[in-house]
Number of protein chains: 2
Amino acid sequence: MAVTMNDVARAAGVSLKTVSNVLNDYEFIRPATKQKVLDAIAELGYEANLTARSLRSGKSRMLGLVLSDLSVPYYAELASRLMTVASARGYRVLVEQSAAEEANELSALQGTFRQLTDGLLFTPLALGADAVAHRRGSKPLVILGEHIEDPRFDLVTMKNVGAATALTAHLLAGGRRRIAVIGASAEDSAGSPGLRLNGYREALAAAGVDFDPSLIVPAEWRRDGGASAVGKLLDSGAEFDAVFGLNDALALGAMHELQIRGVNVPADVAVAGFDDIDEARFASPSLTTVAPGMGEIAERSIELLIDRIEGAETADEGVHVEVEFELRIRASAP
Amino acid sequence: MAVTMNDVARAAGVSLKTVSNVLNDYEFIRPATKQKVLDAIAELGYEANLTARSLRSGKSRMLGLVLSDLSVPYYAELASRLMTVASARGYRVLVEQSAAEEANELSALQGTFRQLTDGLLFTPLALGADAVAHRRGSKPLVILGEHIEDPRFDLVTMKNVGAATALTAHLLAGGRRRIAVIGASAEDSAGSPGLRLNGYREALAAAGVDFDPSLIVPAEWRRDGGASAVGKLLDSGAEFDAVFGLNDALALGAMHELQIRGVNVPADVAVAGFDDIDEARFASPSLTTVAPGMGEIAERSIELLIDRIEGAETADEGVHVEVEFELRIRASAP
DNA sequence: TCGTCTGGGTACATCGTTGCAGAAAGCGGA
DNA sequence: TCCGCTTTCTGCAACGATGTACCCAGACGA
């Protein structure tokens with residue numbers, strides 16, 4: 001079978017523990033002994049058994065990532081970056097899809113998934129702050145995104161309100177006055193939809209434009225959700241000269257439906273999104289949107305989580321990181 | 001700390017091994033005893049320690065998935081489906097990104113990644129058949145995609161040649177005669193690019209249209225690759241009335257560039273892709289493409305791999321599965 | 001000379017399971 | 001009554017690493 005530490009010990013003529021000490025950079029080892037062990041390791045092609053190490057040490061060097069669905073471009077891009085960053089620090093990422101369902105989020109938080117990982121990057125969609133606080137285990141947990149804002153948690157997010165304000169202000173500056181919002185309900189005020197809607201309202205207020213609840217259309221945050229929402233809006237006869245999709249998928253779906261119905265983008269209706277997924281740049285017309293600083297989100301969240309795991313970060317209160325955004329003005333809303 | 005089997009045994013008044021037997025559905029246990037154990041498990045909230053189980057049994061119930069980059073939409077969608085299917089059979093999927101680099105593919109094939117998983121779903125991009133055959137370990141391995149076709153391996157793929165032929169035939173039937181291909185070199189004949197190019201050539205031959213190597217443009221299989229390739233084509237002054245992107249990302253990038261340059265799609269140039277990622281349906285105009293039966297690919301490959309792992313599939317020769325495709329005729333090439 | 005300290009190494013228990021061997025009890029057949 | 005077989009359950013070793021305790025040789029000071 002596979003080469004074990006015992007085989008190495010025998011080959012090097014030392015004890016099992018000495019091999020272990022060499023591998024763990026134990027301080028007091030004679031260079032000659034260390035070299036013998038290293039030679040034996042090289043010769044036999046020994047590789048540590050991670051399962052055994054994990055059982056004994058209680059650490060797996062795996063991070064859990066819980067998100068709704070990996071096929072959502074934003075999550076796919078985020079997962080890819082998280083993996084790269086984690087890998088540089090010697091950790092792997094194990095992904096769990098929750099489908100935004102409560103039962104799945106709970107089992108990711110508590111079940112065997114938790115066991116396999118040293119810490120969790122969690123995007124709660126169905127679960128509220130109290131539910132998470134109640135079911136969180138003892139292992140470190142970092143919340144990604146803005147659905148939960150609570151001092152009990154470590155959190156990495158972007159400036160949702162500010163970004164939505166800036167984007168809306170840009171549409172207003174372009175002369176748009178009736179800006180439909182897709183992906184929220186008029187009464188939302190928390191979570192990604194709520195925060196982004198708040199930003200929208202702030203920009204309207206600053207420009208002295210009235211808020212019209214009939215322009216706020218709920219939708220699933222997917223391309224088809226955006227398409228059907230804007231379809232309903234057109235059918236209802238509502239007047240609007242811009243569409244703000246609360247993420248890029250919504251905006252792209254909406255833009256597609258507008259074009260099919262013969263509405264010219266941006267001449268008749270401007271369209272803007274949120275997230276700056278790669279696809280946005282290549283849409284026709286290319287999509288105006290907000291880049292959430294995903295690289296920084298990935299780096300900061302991995303860093304925070306690993307610091308917690310390795311005990312470097314010891315604040316009692318949750319650490320909240322807010323990453324800067326950048327407006328990407330493109331052809332759909334110049 | 002966590003509840004162990006020992007705690008359960010004590011609570012139920014039986015031996016450790018009996019608890020283990022109950023959990024592993026051992027045949028000869030009195031119903032009453034079994035019930036006592038199950039009650040104790042429920043009361044204590046016991047959950048098996050997967051690491052310990054894995055060390056002892058040598059199985060982790062994890063499948064490895066090696067692909068170039070999770071942020072590529074096709075891979076993201078595939079990964080998402082594979083996870084769902086695997087989960088239904090009680091397995092998890094651990095993803096490793098290779099960036100299509102040889103060193104990374106090798107380490108995924110041999111290193112600690114391999115150790116953590118019971119079997120591998122492998123998309124070789126840098127490594128050739130011999131290299132893989134030489135470095136494959138003893139654990140089951142299923143090749144995904146068509147880069148390697150070799151009787152030594154289990155393989156799940158789609159009918160690349162047939163699909164490319166059908167798609168090209170559709171373009172020809174629409175009156176297009178100068179169909180540019182993006183994402184291959186004229187001399188390619190193996191791997192995804194080669195096979196799809198072969199299909200293209202077959203369709204041309206069947207229609208009596210000459211093959212023009214100057215219409216074949218190599219490119220990285222990404223949106224920006226498609227954009228710059230079609231840009232070069234336009235700059236070169238080549239005449240063409242259709243573009244066949246060897247995957248959707250290429251086609252979408254190409255379509256974007258054409259539109260920016262004022263070329264009307266599909267009136268001036270028709271565009272077709274390959275993969276039918278979700279984005280294709282919502283592009284403007286919506287993209288004509290080939291749906292590779294991704295659901296079936298996911299199901300068949302997981303099934304094959306798990307059967308190998310659990311010893312059900314015992315053929316000596318590699319099993320080759322070819323999944324059916326479907327043409328999706330949309331607005332970009334009606 | 002003796003006791004103490006320290007660097008360098010070893011032996012054994014341990015993490016939480018499962019495999020193997022076997023023990024105890026019940027039962028039928030000769 | 002005894003034997004052999006099945007059913008039900010138990011104890012111990014083992015998977016491959018790490019932590020703890022300890023041992024020994026040499027240096028050092030008194």
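Just so it is clear: chains get the letters A, B, ... in the order the sequence lines come, proteins before strands, and each one is counted from 1.
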In whole angstroms, how far is the [atom2] atom of [N] from the [atom1] atom of [X]?
X: N6(A); N: dC12(C); atom1: CG; atom2: P; value: 13 Å
X: N24(A); N: dG9(C); atom1: CG; atom2: P; value: 15 Å
X: M5(B); N: dG19(C); atom1: CE; atom2: C1'; value: 12 Å
X: L116(B); N: dC15(D); atom1: CG; atom2: P; value: 20 Å
X: L50(A); N: dG16(D); atom1: CG; atom2: P; value: 13 Å
X: N21(B); N: dG16(C); atom1: CG; atom2: P; value: 20 Å
X: E27(A); N: dT6(C); atom1: CD; atom2: P; value: 13 Å
X: R10(B); N: dT10(D); atom1: CZ; atom2: C1'; value: 16 Å

* For the side chain of V14(A), starting at C-beta, report the closest nucleotide among dT18(D), dT10(D), dT10(C). =>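 Between dT18(D), dT10(D), dT10(C), the one nearest the side chain of V14(A) would be dT10(C).
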* **Nucleotide of dG16(C), dG16(D), dC9(D) approaching N49(B) most closely (side-chain heavy atoms)** =>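 Closest nucleotide among those given: dG16(C).
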State plainly whether the residues [X] and [Y] are in salt-bridge range, i.e. N to O under 4.0 Å.
X: D7(B); Y: R10(B); answer: yes
X: D154(A); Y: R300(A); answer: no
X: E96(B); Y: R92(A); answer: yes

* Got a sec: does the NZ of K34(B) have more than 12 other heavy atoms crowding it under 6.0 Å? ->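 Atom NZ in K34(B) is not crowded, with 12 or fewer foreign heavy atoms closer than 6.0 Å.
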* If you draw a 6.0 Å radius around CD in Q110(B), do more than 12 non-hydrogen atoms from other residues or ligands fall strictly inside? ->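 Above 12, so yes.
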Give one of base, sugar-phosphate or nothing for [X], where a contact means two heavy atoms less than 4.0 Å apart.
X: L23(A); answer: nothing
X: T51(A); answer: nothing
X: Y46(A); answer: sugar-phosphate

* Heavy-atom donor-acceptor pair, R56(B) side-chain to dT18(C) base, under 3.5 Å ->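 Result: at least one qualifying N/O pair found.
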* **Polar side-chain contact K17(A)-dG19(D) base: donor and acceptor under 3.5 Å** =>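 Answer is yes: a donor-acceptor pair is held.
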Think [X] has a side-chain N or O under 4.0 angstrom from the OP1 or OP2 of [N]?
X: T33(B); N: dC9(D); result: yes
X: S57(A); N: dA17(D); result: no
X: S20(A); N: dA17(D); result: no
X: R53(A); N: dT18(D); result: yes

* Hey, which sits more toward the 5' end of DNA chain C by its nearest nucleotide, A52(B) or F28(A)? =>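 That would be F28(A).
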* To do: With DNA chain C as reference, determine whether L55(A) or R30(A) sits nearer its 5' end, using the nearest nucleotide of each.
  =>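 Looking at the nearest nucleotide for each, R30(A) comes out on the 5' side.
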* Which of these passes side-chain contact (heavy atoms from CB on, under 4.5 Å) with L144(B): L82(B), V66(B), T157(B), L305(B)? ->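 Only one of L82(B), V66(B), T157(B), L305(B) forms a side-chain contact (heavy atoms from CB on, under 4.5 Å) with L144(B), namely L82(B).
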